[in-house]
Protein chains: 2
Amino acid sequence: MLMGRIHDLTHKWLRGELAAAGLSGIVPSHGDVLALLFMKGEATMHELAAFAHRTRPTTTVLVDKLEEVGLVRRMQSEDDARSVVVVLTAEGEALRGSFAAISKKLASRVYSPLSKDEGEMLEKLLNKVLSNLEAAKNAESAKSD
Amino acid sequence: MLMGRIHDLTHKWLRGELAAAGLSGIVPSHGDVLALLFMKGEATMHELAAFAHRTRPTTTVLVDKLEEVGLVRRMQSEDDARSVVVVLTAEGEALRGSFAAISKKLASRVYSPLSKDEGEMLEKLLNKVLSNLEAAKNAESAKSD
DNA sequence: CTATTATAGTTAGATATCTAACTTTTGTCA
DNA sequence: TGACAAAAGTTAGATATCTAACTATAATAG
């Protein structure tokens with residue numbers, strides 16, 4: 001409940017920031033796609049979906065949008081004719097700085113009321129909770145074998 | 001990012017639990033609506049929206065669904081002809097126990113990897129973060145006066 | 001009292017997401 | 001090597017949510 005509310009508020013704030021940066025229609029999930037491309041240079045749809053924790057159909061739509069606004073380009077993979085490789089365009093690459101700035105601002109917005117120790121403690125506890133949830137989820141899906 | 005992921009996982013798990021309890025099509029937001037009714041007995045659309053942190057149009061749809069499956073009933077307010085009062089039906093009231101059980105199970109699922117002290121610390125830190133975000137949000141919306 | 005403004009709720013239209021089903025290509029195994 | 005299973009991606013259809021606009025009622029101000 002607490003976490004859901006924090007998630008909602010940060011999400012909404014992020015949308016506003018992206019719109020203010022001239023990227024209206026770009027939402028946090030698009031940001032996740034771009035984040036992996038900033039790191040790796042290129043990625044398949046499959047990799048982008050896994051990184052953003054979205055399904056492949058959703059990723060198709062996300063990349064459609066990014067391509068439409070000119071930030072990325074789809075290319076045919078040379079290794080595997082089934083695969084699509086997504087790369088940044090020059091316009092996409094140009095946004096690296098703005099994205100880093102927004103990420104930093106977000107982190108500061110969330111952690112500002114906490115001391116350094118408290119911030120680290122929060123991260124540690126959340127990671128514990130998350131690992132446990134992921135493990136439980138995997139155990140449950142393994143049951144259906 | 002961490003919180004968004006935890007939120008996604010608990011949300012998805014909740015859907016499964018609700019479906020297992022014979023309430024397929026009922027999602028966590030419907031649960032929030034029912035939660036207030038379990039507490040107060042009755043509530044206006046406006047109150048339900050505020051409690052569930054959803055907009056009024058969304059609440060209209062949520063209550064439509066709950067009415068459709070027979071868990072709540074809309075009534076005309078006697079005090080104010082504009083207001084709709086939502087109440088539980090007998091079928092809705094009968095679910096009080098299942099809902100309490102699912103809530104308890106959820107809390108245990110999230111907090112199980114933490115000690116009692118750690119759980120309390122996590123709540124404290126999250127509350128600090130949330131209060132700060134709500135305050136920042138209010139400050140920003142006040143600027144548009 | 002009447003005209004304006006505010007409030008409660010709904011309707012309409014848009015968007016992000018999901019699951020299921022489909023196409024194409026690759027991998028496997030008998 | 002030829003059939004069948006697995007994988008990458010897309011398309012189609014459903015759902016939860018939002019904002020904007022609308023209707024009806026209540027409150028307020030001259």
Side-chain angles (χ1 to χ4, degrees), chain A residues 4-5 7-9 11-16 18-19 23-33 42-69 72-86 137 141 144-145, chain B residues 4-5 7-9 11-16 18-19 23-33 42-69 72-86 141 144:
Chain A
R5 186 85 186 106
H7 180 246
D8 281 359
L9 285 172
H11 228 256
K12 200 169 172 189
W13 175 84
L14 262 177
R15 266 168 185 277
L18 289 166
L23 294 166
S24 78
I26 298 302
V27 296
S29 289
H30 295 116
D32 291 336
V33 167
E42 62 173 54
T44 63
M45 298 299 291
H46 187 84
E47 290 169 333
L48 291 169
F51 181 78
H53 293 294
R54 295 291 151 235
T55 60
R56 271 166 291 173
T58 298
T59 308
T60 293
V61 176
L62 293 172
V63 171
D64 284 350
K65 176 73 183 190
L66 291 171
E67 203 166 25
E68 184 193 319
V69 301
V72 307
R73 202 171 58 241
R74 273 182 173 91
M75 296 188 323
Q76 200 52 46
S77 164
E78 292 171 6
D79 307 346
D80 186 333
R82 294 170 301 181
S83 282
V84 166
V85 173
V86 182
K137 186 190 149 204
S141 56
S144 46
D145 279 355
Chain B
R5 186 84 187 107
H7 179 247
D8 281 359
L9 285 172
H11 228 256
K12 201 170 170 188
W13 175 84
L14 263 178
R15 266 169 186 275
L18 289 165
L23 295 166
S24 77
I26 298 302
V27 295
S29 289
H30 295 116
D32 291 337
V33 167
E42 62 173 54
T44 63
M45 297 300 291
H46 187 84
E47 290 167 333
L48 290 169
F51 181 78
H53 292 293
R54 294 292 151 234
T55 61
R56 270 167 291 170
T58 297
T59 308
T60 293
V61 176
L62 292 172
V63 171
D64 285 349
K65 175 74 183 186
L66 291 171
E67 203 166 26
E68 183 193 320
V69 300
V72 307
R73 203 171 56 242
R74 274 182 172 91
M75 296 189 323
Q76 201 52 46
S77 164
E78 291 171 8
D79 307 347
D80 186 332
R82 293 170 302 180
S83 281
V84 167
V85 172
V86 182
S141 56
S144 47

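Each chain gets a letter, A, B and so on, in the order the sequences are listed, and its residues count up from 1.
For the segment residues 75-83 of chain B, residues with any heavy atom less than 4.0 angstrom from an atom of DNA chain D are, sorted by number, B/Asp80, B/Ala81, B/Arg82. Shown for residues 54-63 of chain A: residues whose heavy atoms fall under 4.0 angstrom of DNA chain C, namely A/Arg54, A/Thr55, A/Pro57, A/Thr58, A/Leu62.
Shown are B/Val63, B/Leu18, B/Leu62; of these, the side-chain contact (heavy atoms from CB on, under 4.5 Å) with B/His30 is made only by B/Leu62.
Within a 6.0 Å radius of CZ in B/Arg5, other residues, nucleotides and ligands contribute more than 12 heavy atoms.
For the pair A/Ala49 and A/Arg56, the tightest heavy-atom approach, listed with the atom from each and the gap, is CB-CG, 4.0 Å. B/Val33 and B/Leu66 make their closest contact through CG1-CD1, 3.6 Å (heavy atoms, listed as atom of the first residue, atom of the second, distance). Shortest non-hydrogen contact noted between B/Arg15 and B/Pro28 is CG-CD, 4.5 Å. Summarising the geometry of A/Ala81 relative to A/Gln76, their closest heavy-atom pair is O-NE2, 2.9 Å, with the distance given to 0.1 Å. Listed here is the closest heavy atom pair of A/Met45 and A/Val86: SD-CG2, 3.8 Å. Of all non-hydrogen atoms in B/Gly4 and A/His7, the two that sit nearest each other are CA-CD2, 3.2 Å.
With DNA chain C read from its 5' end, the first of the two nearest nucleotides for B/Val84 and A/Ile26 is the one closest to B/Val84. Judged by closest nucleotide on DNA chain D, A/Asp64 is the one of B/His11 and A/Asp64 placed further toward the 5' end.
Residues B/Val85 and B/Glu47 are not in side-chain contact: their nearest non-hydrogen atoms beyond the backbone lie 4.5 Å or more apart. Residues B/Asp8 and A/Arg54 form a side-chain contact, since some pair of their non-hydrogen atoms from C-beta on lies under 4.5 Å apart.
Protein chain B contacts DNA chain D from D/dA16 to D/dA26, reading 5' to 3' and using non-hydrogen atoms of the protein with a distance under 4.0 Å.
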